[in-house]
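Notes for the one structure printed next.
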Amino acid sequence: MSTPTSTAGDPVFSAFCAAGLWPGLGKRTAAELPAAGITRPDDVSADRLLKLPRVGRQRAERLFSSFLASAPTYEVVQLLVGAGLEAKLAAGVADTLGPDAARRLRDDPWALLSLSGVSLGDADRLAIAVLKGADRQDARRGRAIVGLTLRTATRDGHTVLPADLVVAALRAEGIGDPAAAIVAAVESGEVLEHEPPEPELPDDLPDDAELPEPDPALRTLSLARFGMAEEAVAENVHRLMATAERIADPASVRSVAKGLDPAQQAAVAQVLGAGFSLLTGGPGTGKSRTVASLVQLLQAKGTEVALAAPTGRAAKRLEELTDHPAVTVHRLLGAQGMTGGFSRNEEWPLDADVVVVDEASMLDVELTAALLEACADGTHLLLVGDPAQLPSIGPGHVLGDLIDSGVVPVTELTTLHRQAAGGAIARLATGVRAGELPQVDSPDREVVIVPAVGSAEAARRVVQLVTDSIPRALGIDPATVQVVTPVHRGPAGTIELNKALKAQLNPGDGTVWGFDVGDRVVATANHLDLEPIGFANGEVGVVTGTGEGSLNVDFSSGPVTVTGNALPDLRHGWAITVHRAQGSEWPGVVVVLPPEAGGMLSRPLVYTALTRAQKHLSIVHASGAALARAVREVDVRPRRTRLARLIAELGS
DNA sequence: CAAGCCGG
């Protein structure tokens with residue numbers, strides 16, 4: 001470490017470079033700038049950059065122009081460093097606040113709060129540095145806290161928040177006039193205010209009786225983008241239902257009815273008539289089979305069908321099951337990348353007569369709004385999914401709300417075709433789905449509960465089950481057993497479990513990117529373009545060979561040669577998270593519920609975890625009473641949304 | 001405390 005001298009550089013400049021904000025300049029090269037005589041912005045020139053090691057003429061020129069282009073970010077760093085804040089915060093600033101971010105921050109330092117990872121304290125410090133006499137009661141501060149409170153709620157999936165909760169949050173931050181802050185947030189256009197619903201009038205209300213007032217405690221606020229997305233979904237549901245014409249006579253279902261149970265046939269018939277319909281049911285009830293028959297019928301009639309799913313893996317599976325192309329919803333809509341826009345929309349709708357989206361429980365409200373807007377009048381849309389599984393990552397409770405609205409026709413499949421209907425897994429799943437944790441009585445050991453105290457013991461039990469008990473006592477090959485855990489971290493998280501399982505099942509030191517032949521891997525991103533068929537996020541496979549910087553992996557969907565930028569998107573896959581396991585099933589599954597996962601246990605998580613098992617399920621239970629509580633309560637944190645009511649109201 | 005998609 002050199003001590004500062006008179007020739008020491010500009011602290012803003014060094015913070016800018018060290019934070020990795022100069023595009024194309026790595027950490028290592030950044031550290032070498034002073035040696036090349038570059039310590040302040042004025043020093044930056046192509047000639048000086050050329051003095052850096054590993055930098056040739058072309059790269060020097062490119063670095064120079066990328067430095068000039070990053071002037072807006074530089075200006076933001078100047079503000080941040082001047083306020084004693086981390087330069088790193090400037091990273092996403094242009095995306096969020098636009099190219100004139102610095103000016104906007106000088107006008108309203110609390111606009112910094114619209115970036116993720118910024119606390120109110122950070123924004124207050126910037127305000128003190130930027131404004132003369134910054135004031136806690138500043139109207140801009142109150143307005144920003146309203147937005148911050150709603151954005152925080154969004155991370156838990158809510159699209160709206162009771163106004164009372166926002167008022168309480170404002171009070172907690174010392175805002176003297178919360179109502180004024182809310183008005184300011186609404187006037188800025190960022191926030192919408194929703195009046196409480198009109199109370200339902202009792203039938204026997206006398207004419208002269210006083211009408212009941214709406215309950216002001218039910219007044220809610222939303223971020224405009226999500227509030228408007230819910231309104232768009234509600235309107236478009238009604239538009240599609242109103243504009244659809246019957247595609248075919250219901251009797252035509254008979255042509256594909258072979259092998260479909262009556263409920264499944266009814267679902268197919270429903271799609272032919274209704275502009276918008278839902279098909280729900282748990283794993284093994286034949287949702288995808290029903291879709292396959294529907295597609296077969298429509299193709300025979302020459303109807304244009306588009307198939308999609310929210311995840312790459314679900315799309316891939318849908319394509320295999322229906323023998324018809326399927327893509328992610330993002331692909332279907334022509335996602336524009338960072339801008340977040342879609343090329344298929346109201347102006348350029350999808351050219352399909354029937355659109356089917358599988359795994360619809362993963363649809364958040366914004367993607368659903370985009371999907372519905374891209375469906376032209378007369379398009380029939382079918383959403384297929386299981387409302388009992390994990391909710392979407394993005395805010396909203398779309399599938400559940402569509403069902404709860406009571407307006408959209410729903411076919412629920414309940415007959416189990418895949419698993420032994422009377423088996424212990426099925427009984428347990430049915431119980432959990434209904435909010436009960438039944439005593440499992442499974443003399444055939446289809447379900448085995450292994451109690452454990454603490455996550456270290458839980459981890460030992462898992463390894464023992466996979467490597468010893470399950471193969472020995474049940475004759476199940478460890479290669480077909482999947483371990484599923486809620487968490488990455490801790491002794492019973494994916495990271496440690498994979499280490500322990502690798503040591504037992506395929507010891508080795510990882511020759512290519514930490515992997516050896518025989519390792520089980522899981523994909524953490526989509527690479528559907530790799531040869532020959534690529535892989536999708538969440539797919540599990542086995543390494544069958546290693547090359548120079550490449551891996552051959554056998555995924556269940558087929559072999560893939562994994563190279564280049566796809567390699568970092570593989571991890572060891574003996575143990576994976578419940579979230580990543582969603583949409584896949586294995587003959588044998590070991591579910592671990594460590595005590596540290598107690599806070600994140602919920603009915604959908606438990607249900608999703610145990611329904612991954614087809615023939616055998618071991619549950620290593622170390623989370624005590626938290627498990628029964630999670631299953632009993634409908635949802636640990638139910639999502640607050642407005643969609644169900646909006647749809648119902650538009651229909652009346 | 002975990003997680004989808006997209007493009008450069």
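Because only heavy atoms are used, hydrogens play no part in the values below, and waters and symmetry mates are left out as well, while side chains stay in. Every chain is numbered from 1 and lettered A, B, ... according to where its sequence line falls, protein lines coming before strand lines.
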Q. So does R580(A) get a side-chain nitrogen or oxygen closer than 4.0 Å to the phosphate oxygens (OP1/OP2) of dA3(B)?
A. yes
Q) Relative to each other, are the rings of F67(A) and F16(A) parallel, tilted or perpendicular (30° and 60° limits)? A) perpendicular
Q) How close or far is atom P of dG4(B) from atom NZ of K316(A), stated in whole angstroms? A) 16 Å
Q: Quickly work out the L333(A) CG to dC6(B) C1' distance and round it to whole Å.
A: 12 Å
Q. Which comes earlier along DNA chain B counting from the 5' end, the contact point of H330(A) or that of R155(A), where each point is its nearest nucleotide?
A. R155(A)
Q. Please give, in whole Å, the distance from dA3(B) P to L390(A) CG?
A. 11 Å
(Q) From CE of M600(A) over to P of dA3(B), roughly how many Å is that when rounded to an integer? (A) 8 Å
Q: Measure the distance from CD on Q336(A) to P on dG8(B) and round it to the nearest whole Å.
A: 10 Å
Q. So does S392(A) get a side-chain nitrogen or oxygen closer than 4.0 Å to the phosphate oxygens (OP1/OP2) of dA3(B)?
A. no
Q) For dG4(B), does either OP1 or OP2 sit under 4.0 Å from a side-chain N or O belonging to T328(A)? A) no
Q: May I ask you to say what D364(A) touches in the nucleic acid, namely base, sugar-phosphate or nothing, with a heavy-atom cut-off under 4.0 Å?
A: nothing
Q: Before giving the answer on side-chain hydrogen bond (donor to acceptor under 3.5 Å, both in side chains), spell out for S392(A) and R639(A) the whole-Å C-alpha distance, their side-chain angles and the decisive distance to 0.1 Å.
A: CA-CA 11 Å; S392(A) 62; R639(A) 295 183 166 197; 3.3 Å; yes
Q) Which nucleotide in the list dC6(B), dA3(B), dA2(B) gets nearest to the side chain of I393(A)? A) dA3(B)
Q. NA contact type, G312(A), heavy-atom cut-off 4.0 Å: base, sugar-phosphate, or nothing?
A. sugar-phosphate
Q: Using a cut-off of strictly less than 4.0 Å, decide whether R489(A) has a side-chain nitrogen or oxygen near OP1 or OP2 of dA2(B).
A: yes
Q: Take atom CG of N537(A) and atom C1' of dA2(B), then tell me their distance rounded to the nearest Å.
A: 13 Å
Q) Taking CG from L593(A) and P from dC1(B), how many angstroms apart are they, rounded to a whole number? A) 16 Å
**Q.** Validation row: C375(A), P349(A) side chains within 4.5 angstrom (heavy atoms)
**A.** no
Q: For W22(A) and S66(A), test the side chains for any donor-to-acceptor distance below 3.5 angstrom and give the result as yes or no.
A: yes
Q | CA sep, side-chain torsions, deciding dist, call: E457(A), R461(A), salt bridge (charged side-chain N to carboxylate O under 4.0 Å, His left out) | A | CA-CA 6 Å; E457(A) 193 200 334; R461(A) 293 269 175 267; 3.2 Å; yes
Q: Measure from CZ on R313(A) to C1' on dA3(B) and round the result to the nearest Å.
A: 12 Å
Q) Can you tell which of dA3(B), dC5(B), dG7(B) lies closest to the side chain of R331(A)? A) dG7(B)
Q: Give a yes/no answer on whether the side chain of H488(A) brings an N or O atom under 4.0 Å of OP1 or OP2 in dA3(B).
A: yes
